[in-house]
**Q** 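Structure provided below as structure tokens; questions to follow.
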Amino acid sequence: MPGQTVMHDLPDALRRIAGARHVLTGDSATRRFRKGYRYGDGPVLAVVRPGSLLEQWRCLKACVDAGAIVICQAANTGLTGGSTPDGDAYDRPVVIINTLRIKAIDLIADGRQVVCRPGATLDQLEKALRPVGREPHSVIGSTCIGASVTGGVCNNSGGALIRRGPAYTQCALFARVDAAGRLELVNHLGIDLGRDPEEILGRLDRGAYTPQDVRDVAGRWASDREYAEHVRDIASPVPARFNADPRRHYEASGSAGKVAVFAVRLDTFPADRDVTVFYIGSNDHRELEAIRRHILGDFRNLPIAGEYMHRSAYDASRDYGKDLFWFVRHFGTDNVPRAYAWKSRFDGLTERLGLGGAVSDRLIQAATRLLPHHLPARLDAYRDRFAHHLLLRMDGAGSAEARGYLTSIFPSSAGDFFECTGPEGEAAFLNRFAVGGAIVRYRAVHPRTVEDIVALDVALPRNTLDWFETLPPEIDSKLEFKMYCGHFFCHVLHQEYLVKKGENCLEIEQAMCRLLDQRGAEYPAEHNVGHRYVAKPALREFYRALDPTNSFNPGIGHTSRRRDWQDQCDCGAAAR
């Protein structure tokens, strides 16, 4: 291989840049970085954790000069394996550049916008904005597991907060490798920082710029300004938001790691005030759809959020997400990443001892059974009465508007509602967002009956009426457990299935996807293609335009893993 000697010396070069303690090699030391939160694992030459943007640039340059594959990673919380290697079928060694040490956030324009470095987390951003009465595009959900702001932008994530939309910006500072293999830095932040890459990054590292250096970037957006009206179009046969939607592909936004991001500039939003949570239950999913259509079509005030949970999701989160619920309640979201890191180290130790990698899950699950019941009585009562649950969060005049409307239609023959107290509303939303981890826990503690998880992240057309899934018996009989939840007002649903032991997960997933195709669904909706989904043609071309030599995160979306996109599609038997 050309550059083989340089490749052999690359770990030492990275140590000289970032320091020996921040360059990890070997299976044990790299485990928590190369093994995905839910999916993905593969060998790496090294993991490097630069402590500044300048170090990140120099590490990146060393990797590109050596001809290595680069996977940029922050919190490694992705649900589709998109921030780790996937197997060993790469034609070059892989280096992970983990950016979590680079956490700085700058508030600009009196906090109406922010500049976030690649390791800044949503939780950190929320805390930074709180003193100025502002909030980021997302305040719970991925926040709970320490997801990064930049990761959200790169993956088109978020959108649970209806008026703010998914993470999106046209103002970013990033590096790409051009068709000739040259590394170049692109500054579209709208901040004058100089011309030379090291000058630009060094000044940003030091925060050495003034308000006069910050330009009003005419024509460039720092959020999805159209989304609030876009989601109101309930007659549209096109989903409100999905990963392959070209309307929100722009440089770093939606890039899925095909560029290396150093900073993003984003809008912030006034903090929600006078918030009320309405808890709605029904045994007829069409009743919830009528509520959705009326609120989007006729309400003067859009909701802050509207989250759906099926009874199965409530049960899974209550029984297998209890530890996350208690941890966040008592220790806060900022300590969750540290807890996951310790869990990963413990799992690595038990794997080396031949005990398997799920020992921690079994121990934690056993311990949580000793904790007192954590959900309010009225929520549990609605779980017993109703199959479908809608958590509606309103504020200001919207609360009165929703209260009047819900009072006019409930109680009905199928459903009812109540207005949550503060603790009830907090518990309802935290129970909703503990679902994802709960399904992973279920798999870990039931290895004798569960083969694996089939997880689908689905965006239904905005005009869909019969949105709740009914599976044919030949598929349903192969499932141990089904879970449905989602962001109801944009018709984004997370459908997760625990497959019975011995069944073929791939065949089941492919059959489910054929059913979704018949319904006009798009998938994935917000979790990115990762290594689980096939990138559609427009998305593949977007990736190829960003990264013509296929140096960054190759194989994403079942595209080519080879240099210069040789054998472009390697979908093969693994295609979803």
**Q** Could you list the residues that satisfy ring-ring contact (aromatic ring centres under 6.0 Å, His included) with F418, not counting sequence neighbours?
**A**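 Partners of F418 under the ring-ring contact (aromatic ring centres under 6.0 Å, His included) test: Y279, Y382.
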**Q** Can you tell me how the ring of Y314 sits relative to the ring of H389, calling it parallel under 30°, perpendicular over 60° and tilted otherwise?
**A**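 Ring orientation, 0 to 90° scale: tilted.
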**Q** Can you tell me which residue pairs pass the salt bridge (charged side-chain N to carboxylate O under 4.0 Å, His left out) test with a partner in residues 462-478, sequence neighbours excluded?
**A**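 Qualifying pairs: D476-K482.
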**Q** Which atoms form the tightest heavy-atom contact between S253 and N156, and what is the distance?
**A** C-ND2, 4.2 Å
**Q** List in chain and number order the residues that pass salt bridge (Lys or Arg N to Asp or Glu O under 4.0 Å) with R311, two or more places apart in sequence or in another chain; answer none if no residue qualifies.
**A** none
**Q** Does a side chain donor of either T80 or R532 reach within less than 3.5 Å of an acceptor in the other side chain?
**A** no
**Q** Could you tell me if the ring centre of F269 sits under 6.0 Å from that of H137?
**A** no
**Q** May I ask you to decide if the ring planes of Y320 and Y442 are parallel, tilted or perpendicular, using 30° and 60° as cut-offs?
**A** tilted
**Q** Taking only residues two or more places apart in sequence or in another chain, which ones pass ring-ring contact (aromatic ring centres under 6.0 Å, His included) with H230?
**A**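 For H230 there are no ring-ring contact (aromatic ring centres under 6.0 Å, His included) partners, ignoring immediate neighbours.
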**Q** Could you check whether D517 and Y523, counting side-chain N and O atoms only, form a donor-acceptor pair closer than 3.5 Å?
**A** yes
**Q** Of all residues at least two apart in sequence or in a different chain, which pass the salt bridge (Lys or Arg N to Asp or Glu O under 4.0 Å) check with E480?
**A** none
**Q** Taking ring-ring contact (aromatic ring centres under 6.0 Å, His included) as the definition, give me every residue that meets it alongside F468, ordered by chain and number, with sequence neighbours left out.
**A**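 If we apply the ring-ring contact (aromatic ring centres under 6.0 Å, His included) test to F468, skipping adjacent residues, the hits are H285, H310, H388, Y484.
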